[in-house]
Peer 1: 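One structure coming up, written as structure tokens, with questions to follow.
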Amino acid sequence: MSDAVEITGLTKRYGDHTAVEDVTFSVRAGRVVGLLGRNGAGKTTTLRMLLGLARPTSGSATLFGHPYARLPRAAHRVGVSIDGIGPTGAGSGRADLRIWAKTLGLPRTRVDDVLEQVGLAGDAHRKLGDYSQGMRQRHALATALLADPELLVLDEPANGLDPDGIRWLRELLRALADEGRTVLVSSHILAEVEQMADDIVILQKTLRYSGTAAELTQGGAVSLESRFFDLVGPAAKENAHA
Ligand SMILES: Nc1ncnc2c1ncn2[C@@H]1O[C@H](COP(=O)(O)OP(=O)(O)OP(=O)(O)O)[C@@H](O)[C@H]1O
């Protein structure tokens, strides 16, 4: 299958600090791709550049062959959960999703569908501001799923989820990919990623690995955690935020 995402020589500098350096990888359509890296490794910055939320210092990032800003029907084709794209300010969870649905030209029934899908139907009347962290993650995912997109870009969607939520998320993302959708998901939870990702990208400012999970773990003979540390090195102070 063709590539849903192509990232080429992507670099981001903030002043004299380089957050992402010369990163190249692609995401094949129909795959679940786990984007891994320590705190500060550049995962969110990479996703932000992909989504047109941050301007690359150099290099390029495209979705279905276009930069996000020039991708036709981008908001329908790409579902996003990332800080900075969020609630509209409407009171309840349902009201917020209805605004998104209206903006996207979707029927109201989609709102009920995604609320069911993320397990928030019973809480949709409550104020978003009163949601727990895990409920906010589910709500963000509901927003991402509204338009039934072909590609999901999710930044740390498991943060704040309870064990049931994490299992549910894993099964949901796997099912979406099995239906032919593509999922690019950043995470710190190596065991979860190991169970759901077809492909792995490891960042530590530069690219440390891009390829299949099976190849990385030698078909499961070596744990993802052990390969991760081989590739990013020990958590010495000087490279934890390199
Ligand atoms: N707007 C900004 N201005 C300055 N530095 C930034 C900015 N955004 C990110 N950085 C820096 O870029 C580096 C990469 O940050 P980024 O948020 O991409 O990492 P991450 O891998 O997503 O980390 P985490 O796992 O903690 O979410 C960090 O050193 C961070 O401090």
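What you see is a predicted model, and the numbers here were worked out from it, not measured in a lab. Atom set for the values below is all heavy atoms of this structure, side chains included, hydrogens, waters and symmetry mates excluded.
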Peer 1: Under 4.0 Å between a Lys/Arg side-chain N and an Asp/Glu carboxylate O for Asp112 and Arg98?
Peer 2: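 A salt bridge is absent here (no side-chain N lies under 4.0 Å from a carboxylate O).
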Peer 1: Output yes when a side-chain donor or acceptor of Ser186 lies under 3.5 Å from a complementary backbone atom of Glu156, and no otherwise.
Peer 2: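 At least one qualifying donor-acceptor pair exists.
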Peer 1: Determine yes or no for a side-chain-to-main-chain donor-acceptor pair under 3.5 angstrom, with Gln137 supplying the side chain and Asn159 the backbone.
Peer 2: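 Flag set: sc Gln137 to bb Asn159 pair under 3.5 Å.
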Peer 1: Using a 3.5 Å distance criterion without hydrogens, assess whether the side chain of Arg28 forms a donor-acceptor pair with backbone atoms of Asp3.
Peer 2: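 No.
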Peer 1: Can you tell me if Arg48 uses its side chain to pair, donor with acceptor, with the backbone of Leu53 under 3.5 Å?
Peer 2: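 Yes.
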Peer 1: Using a 3.5 Å distance criterion without hydrogens, assess whether the side chain of Ser210 forms a donor-acceptor pair with backbone atoms of Val201.
Peer 2: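 No: the side chain of Ser210 does not pair with the backbone of Val201.
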Peer 1: For Glu21, does its backbone N or O pair with a side-chain atom of Thr18 as donor and acceptor, under 3.5 Å?
Peer 2: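 Answer holds: no.
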Peer 1: Hey, does the side chain of Lys12 reach the backbone of Thr57 with a donor-acceptor pair shorter than 3.5 angstrom?
Peer 2: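 No, Lys12 side chain to Thr57 backbone: no donor-acceptor pair under 3.5 Å.
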Peer 1: Would Arg181 and Glu150 count as a salt bridge (charged side-chain N to carboxylate O under 4.0 Å, His left out) if you check the C-alpha gap in whole Å, the side-chain angles of each, and the deciding distance to 0.1 Å?
Peer 2: CA-CA 5 Å; Arg181 293 177 180 77; Glu150 347 170 15; over 6 Å; no
Peer 1: Looking only at heavy atoms, what is the nearest atom pair of Pro67 and Leu63, with distance?
Peer 2: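 Answer, listing the atom of Pro67 first, then Leu63: C-CD1, 4.5 Å.
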Peer 1: Looking at Ala213, is its backbone amide N or carbonyl O close enough to the side chain of Thr217 to form a donor-acceptor pair, meaning the two atoms are under 3.5 Å apart?
Peer 2: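 Flag set: sc Thr217 to bb Ala213 pair under 3.5 Å.
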Peer 1: Between the side chains of Asp148 and His76, is a donor N or O closer than 3.5 angstrom to an acceptor N or O?
Peer 2: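 Looking only at side-chain atoms, His76 and Asp148 do not form any donor-acceptor pair under 3.5 Å.
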Peer 1: What distance do Asp22 atom CG and Ser58 atom OG have between them, rounded to the nearest 0.5 Å?
Peer 2: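 Separation between the atoms: 7.5 Å.
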Peer 1: Check for a donor-acceptor pair, side chain of Arg170 on one end and backbone N or O of Met196 on the other, with a separation under 3.5 Å.
Peer 2: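 No, Arg170 side chain to Met196 backbone: no donor-acceptor pair under 3.5 Å.
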Peer 1: Backbone N or O of Val5 within a donor-acceptor pair of the Ser26 side chain at under 3.5 Å?
Peer 2: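 A pair under 3.5 Å: no.
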Peer 1: Evaluate salt bridge (charged side-chain N to carboxylate O under 4.0 Å, His left out) for Arg227 paired with Asp230, printing each intermediate quantity in order.
Peer 2: CA-CA 5 Å; Arg227 294 297 289 125; Asp230 289 347; 3.0 Å; yes
Peer 1: Just checking, Arg138 and Trp168: is the charged tip under 6.0 Å from the six-membered ring centre and within 45° of the axis?
Peer 2: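 Yes.
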Peer 1: With a cut-off of under 6.0 Å to the ring centre and 45° to the axis, is Arg126 in cation-pi contact with Tyr131?
Peer 2: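 No, cation not above the ring by the 6.0 Å, 45° rule.
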Peer 1: Less than 3.5 Å apart, any donor N or O on the side chain of Thr44 or Asp155 sitting next to an acceptor on the other?
Peer 2: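 Per modelled atom types, Thr44 and Asp155 side chains form a pair under 3.5 Å.
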Peer 1: Side-chain donor-acceptor pair under 3.5 Å between Thr206 and Arg208, yes or no?
Peer 2: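 The criterion, which ignores hydrogens and geometry beyond distance, is satisfied for Arg208 and Thr206.
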